[in-house]
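This report refers to the structure that appears directly beneath it.
Everything quoted here is computed from the prediction, not taken from an experiment. Numbers restart at 1 for each chain; the letters A, B, ... are given by sequence-line order, proteins then strands. Note: hydrogens, waters and symmetry copies are ignored here, and every other heavy atom, side chains too, is used.
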Amino acid sequence: MKKLVLSVVVLAVAVFSAKADKTADVTGTAQLLEQIAVSTTLPSGNAGLTGSVSGGALNFGIIGISGAVSKVIVTPTGARSGDGGNPGLSNNSVTPTAAGFAITGGSGMSYTVTYPSSFELNGDNAKKLTVNTLTITGNSTTRSITAGKDAFAIGGTLNIPADASAGNYNGIMTVTVAYN
Amino acid sequence: MFRKLLLSICAASAVFQVMAEVPASIATAPARIQIIGPLAVTKVADMDFGLISITSGTSSLVLPPAPGRQSLSITGDAVSLASSNPTAAKFSVTGQGNANFSINVPSSVTLSDIDGHGGGDILVYISCDQPGAAPSFTSTLVDGIKEFYLGGTLVIGANQTPSRYSGSVSVNVDYN
């Protein structure tokens, strides 16, 4: 809050000086924007999202070892499929989910979502798995905010090597949003 | 000149402040998967109807899906020889303990004359010892293993040619 006040003062000086020199005004509208914020706490009922979406958790569920190179794909609606080899898909007690994110910010503003091209899951067996080919709701990382809010979900592809070991694998996906 | 310079400095700080006030926001999300042991199905024993003597009539012979030597229930005039050893097929499914799985079993299999005597195909309708099996079923790998038996109903047509008949049943398992 203090920072906001300071910047307004500085801008006012700039505008004043600009006028004195009859050059174009510096627009100060950006100052009136509320900060864009991304959260993994989804609105009730996951409003704006469809399918199996969890607040911030990209969950590939449970699979059985197949002994073959394979992929497990979770779409932004949380639909899971296997590709290449037989990942031995198993839904046993765990529902796969896409990672959902809620945005708050200035109405009508366009923003860009940035997520990693790949990241790793670390197993409790010291093995690693790679997630890549992340996908986002609407297939576009440029989105807009309506009525101060937006929501999107991210899915991805988990790559299973032929020598995959049984275990629990966890990782962190970092998602950044910024006004365009 | 001096004034102009001052102006540009002021403008520059204004721009800087605008950017600083519209930062990016970052969220981190966990991602996870659990990989469990492989699921496999193994044939432990073949299905065998044994030796059957026939006359010219039609018969159906039921092999129960159960362990050990079975007695065939016969409709018609076929006879299961006492010296033969009818047995149900036995399969073993192994995988992650307590995981649920489903198994696909064909409802019938065709047996063909493997001795080239010109006998027509014989149909076997497959049965399974699991509750509700049709004959495909879903079950749980208690202690990581599940065994099951397949039996069947063999249908012998009129004037079936005496010979040896054989066929293959493929079953598929998947975690649910």
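- Across A37(A), P96(A), A99(A), G61(A), the residue that shares the most heavy-atom pairs under 4.5 angstrom with chain B is G61(A).
- Using a 4.5 Å heavy-atom threshold, the side chains of L58(A) and V74(A) count as touching.
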Exercise. Verify side-chain contact (heavy atoms from CB on, under 4.5 Å) between M47(B) and L63(B), making sure each step is shown before the conclusion.
Key: CA-CA 9 Å; M47(B) 186 188 305; L63(B) 172 66; 3.5 Å; yes

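- Residues Y165(B) and L150(B) share a single hydrophobic cluster, defined by chaining ILVMFWY side chains whose heavy atoms lie under 4.5 Å apart.
- Here the closest heavy-atom approach between residue S80(B) and residue S84(B) is recorded as OG-OG, 4.0 Å.
- Using a 4.5 Å heavy-atom cut-off against chain A, the contacting residues of residues 27-46 of chain B are A27(B), T28(B), A29(B), P30(B), A31(B), R32(B), I33(B), Q34(B), I35(B), I36(B), G37(B), P38(B), L39(B).
- When every heavy atom of A88(B) is checked against every heavy atom of P64(B), the shortest pair comes out as CB-O, 3.5 Å.
- Sequence neighbours left out, not one pair with a member in residues 93-130 of chain B passes ring-ring contact (aromatic ring centres under 6.0 Å, His included).
- Between S83(B) and L51(B), the closest heavy-atom pair is OG-CD1, 4.4 Å.
- Two rings, from Y169(A) and F60(A), have their centers 6.0 Å or more apart.
- By a heavy-atom distance cut of under 4.5 Å, L129(A), L158(A), I160(A), A164(A), S165(A) are the residues of residues 129-165 of chain A near chain B, going up by number.
- In terms of heavy-atom pairs under 4.5 angstrom with chain B, the leader among I63(A), T114(A), N170(A), I172(A) is I63(A).
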Exercise. Output, in order, the C-alpha distance, side-chain angles, deciding distance and verdict of side-chain contact (heavy atoms from CB on, under 4.5 Å) for V38(A) and I103(A).
Key: CA-CA 5 Å; V38(A) 57; I103(A) 301 295; 3.6 Å; yes

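- Both V169(B) and F148(B) belong to a single network of hydrophobic side chains, linked directly or stepwise wherever heavy atoms of I, L, V, M, F, W or Y lie under 4.5 Å apart.
- Using a 4.5 Å cut-off between heavy atoms, F119(A) touches chain B through its side chain atoms alone.
- For a residue to count as touching a neighbouring chain, one of its non-hydrogen atoms must lie under 4.5 Å from one of that chain's; by this rule F101(A) touches chain B with the side chain only.
- Under the rule for a side-chain hydrogen bond (donor to acceptor under 3.5 Å, both in side chains), the partners of D121(B) that lie at least two apart in sequence or sit in another chain are S112(B).
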